[in-house]
Amino acid sequence: MKITRITITPIAIPDVPLANTKGVHPSVFLRSIIELWTDTGLVGLGETYGAKRTLEGLRTVAPRLEGLDPWDRHDLRRRIEAALPDAGGVNAPTALADHKLVDVVYSAFEIACLDLVGKATGRPLHDLLGGAVRRTIPFCGYLFYKFAKRDLTFGPDIMGEVMTPDAMVEQAREFVGAYGFRSLKLKGGVLEPDLEVETLLKLREAFPDHALRIDPMGAWTVPTALRVIDALGGVHGGVLEYLEDPCRGMDAMAELSAQTDMPLATNLVVVEFEQVIEAVKKDAVQIVLSDPHYWRGATGAIHLGEICRAAGLGVAMHSNSHLGISLAAMCHVAAATPNLTYDCDTHYPWSQKEIVAGGRPAFVDGCVQVPEEPGLGVELDHEAVAELHDLYQRAMVADRDDTAEILKYRPDFVRKVPRW
Ligand code: GKR
Ligand code: MG
């Protein structure tokens, strides 16, 4: 089986102003949809970031993949490295972490290749990763403070303004009611820490049995993080199952870690294999967030799980705004990572469209069934892709810059990390 043609389609999906410590989501989020066509008539699918550096990287590499055998991942890596010498990162300068372009591009094409191999052998993708240790994947409800959306040109708002503890409890009730989530993650670093503590205490009262976590994305100093941990009842019998990226940078995380038993998680200071080693040496974190979009694909995410097992670290799963191809890839990886023992993150409830045939997958009790069909187990709805490609062309948004976007809502906003 050889790849004969590669299609990269950028799409834009209506989004709502979800807040984080560096700003707020723009009116659309961007994805790239990958189709790898073969001489056997099979088509492999992939979904990844759609912002300009990723898109340019995918487009630069695409012509070099003609003739590739989808089984040969070393050849895939070689071709990508040759096409992208000295490639830097993919994210906007205002982002809080960066991911190497070669890793992001490799990840996207690897998953499409694995989809092909699965289709060619009649086996689901998780079988290519060692087999499924679980058949349903539990996700957490991902809660965001948000503004009421002002410009409805590209799509409606969801839930209006949510900027108080009580409004956040209502958001959680809606998500738990609609999806059955059994755990909740709050995107923090938006309101004063005391208000975020109040939000979590109110969530605990409203959902006494739900696991809770908060991710301030580096917004707090070490003393602030210690104060928050204390206010939330500490580790034993306290409110949090873990605390994600409370402080900015590996050294600040290590400084905090030395002063608390609260498990610290990250998708900001450990995003490459080399950083796992540094984090272990410094005892900076106890849980690493996996993600097949940048941990060198689905196989890299599985390797991360194994390295974390050996290092005594826990594994959770990171998300960005995404659609159903990514959801399927996340499910296969989660199914085949034995020590992924926390409910996975997903932005899916905030995504208003779908591009896989059959529409939106069902969430039952917060869980998604792992696809059992060959490969990823999803097919494209070509009309939906065309519609969102058209939106991409009309929206004229080529990059994600949350800090630029928040100035439309708060003209005096100044990006400051840590802020408190
Ligand atoms: O969607 O605003 C967002 C999140 O902040 C996202 O960009 C992060 O990558 O969800 C992610 C996280 O866990 O940090
Ligand atoms: Mg995070």
Side-chain angles (χ1 to χ4, degrees), residues 13-31 48-51 54 89-99 104 139-147 158 162 171 183-191 196 212-220 225 240-250 253 263-271 275 279 284-295 314-323 326-327 330 342-352 399-406 409 415 417-419:
I13 303 94
D15 204 356
V16 295
L18 305 178
N20 56 47
T21 206
K22 63 183 156 56
V24 73
H25 285 207
S27 56
V28 292
F29 72 86
L30 307 175
R31 302 297 276 173
T48 187
Y49 313 119
T54 300
V90 295
N91 293 338
T94 48
L96 288 162
D98 209 355
H99 303 108
V104 167
F139 286 90
C140 65
Y142 202 161
L143 309 177
F144 282 83
Y145 298 106
K146 65 180 289 294
F147 298 107
I158 304 175
V162 179
Q171 184 184 109
S183 57
L184 298 166
K185 165 172 172 169
L186 175 63
K187 177 57 67 179
V190 176
L191 306 183
E196 297 193 351
L212 301 179
R213 45 183 111 138
I214 181 170
D215 175 14
M217 299 207 341
W220 301 338
L240 296 179
E241 65 172 335
Y242 65 67
L243 179 53
E244 182 174 325
D245 286 310
C247 302
R248 187 173 189 191
M250 183 83 80
M253 290 287 279
L264 303 182
T266 189
N267 67 287
L268 292 183
V269 303
V270 182
V271 295
Q275 292 165 341
V285 300
Q286 289 71 43
I287 298 155
V288 177
L289 271 59
S290 176
D291 185 333
H293 299 90
Y294 61 82
W295 275 106
V315 186
M317 189 176 281
H318 171 254
S319 149
N320 261 310
S321 303
H322 66 92
L323 297 175
S326 284
L327 183 67
M330 290 158 75
Y342 297 99
D343 294 358
C344 297
D345 293 359
T346 181
H347 286 62
Y348 197 74
W350 298 106
S351 307
Q352 303 181 15
D399 216 348
R400 172 181 173 180
D401 188 340
D402 294 15
T403 308
E405 185 70 15
I406 200 173
Y409 294 86
R415 181 185 178 285
V417 190
R419 187 180 297 280

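Values in this document were obtained by computation on a predicted structure and should not be read as measured data. Note that ligands are numbered from 1 as they come in the structure, with each ligand's atoms numbered from 1 the same way.
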Check contact between [X] and ligand 1, using heavy atoms of the residue and a distance below 4.0 angstrom.
X    : value
S319 : yes
N267 : yes
M317 : no

State whether the shortest distance between N or O atoms of [X] and N or O atoms of ligand 1 falls below 3.5 angstrom.
X    : answer
K187 : yes
H347 : yes
H318 : yes

Which of the ligand 1 atoms, numbered from 1, are nearer than 4.0 Å to a heavy atom of [X]:
X    : answer
Y142 : 4 (C), 10 (O), 11 (C), 12 (C), 13 (O)
E244 : 12 (C), 13 (O), 14 (O)
F144 : 1 (O), 2 (O), 3 (C)
M217 : 5 (O), 14 (O)
R400 : 1 (O), 2 (O), 3 (C), 7 (O)

Verify whether the ring centers belonging to Y348 and F139 lie closer than 6.0 Å.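 Not close enough - the centres of the two rings lie 6.0 Å or further apart.
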
Aromatic contact, H25 with F144 (centres under 6.0 Å):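 Close enough - the centres of the two rings lie under 6.0 Å apart.
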
Excluding waters, which protein N, O or S atoms are within less than 2.8 Å of the Mg ion (ligand 2)?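 Listed by chain and number, the nearby protein N, O or S atoms are D215 OD2, E244 OE2, N267 OD1.
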
Among all protein heavy atoms, pick the one closest to atom 6 (C) of ligand 1 and tell me residue, atom and distance.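 The protein heavy atom lying closest is N320 OD1, 3.4 Å.
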
Looking only at protein heavy atoms, which one is nearest to atom 3 (C) of ligand 1, and how far off is it?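 Checked against all protein heavy atoms, atom 3 (C) of ligand 1 sits closest to H25 NE2, 3.1 Å.
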
Please work out, at 4.0 Å between heavy atoms, whether the side chain, the backbone, both, or neither of [X] comes within that distance of ligand 1.
X    : value
D215 : side chain
R213 : neither
D245 : neither

Whether the H293 and T48 side chains hold a donor-acceptor pair (N or O, under 3.5 Å, no angle test) is what I'd like checked.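 No, because no side-chain N or O of H293 sits under 3.5 Å from a partner of the opposite role on T48.
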
Candidate pair N320 and Y294, rule side-chain contact (heavy atoms from CB on, under 4.5 Å), full reasoning: CA-CA 11 Å; N320 261 310; Y294 61 82; 5.8 Å; no

CG of L186 to CD of Q171: how many Å apart, nearest 0.5 Å?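 It comes to 8.5 Å.
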
Expected output: side-chain [X] to main-chain [Y] donor-acceptor under 3.5 Å:
X    : Y    : result
E196 : G189 : yes
W350 : Y142 : yes
R419 : V190 : no
R31  : L323 : no
R415 : T403 : no

Steps toward side-chain contact (heavy atoms from CB on, under 4.5 Å) verdict (D345, C140): CA-CA 6 Å; D345 293 359; C140 65; 3.6 Å; yes

Quick test of your reading of the model: are K146 and D15 salt-bridged, counting only N-O distances below 4.0 Å?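 Salt bridge absent between K146 and D15.
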
Measure the shortest side-chain to side-chain distance between V269 and Q275 over non-hydrogen atoms and say whether it is less than 4.5 angstrom.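 They are not in contact (no side-chain heavy atoms under 4.5 Å apart), so the answer is no.
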
Test applied, side chain to side chain donor-acceptor pair (under 3.5 Å); reference residue, H318; option that passes from N267, D215, T266: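 Looking at N267, D215, T266, the match for H318 under the side chain to side chain donor-acceptor pair (under 3.5 Å) is N267.
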
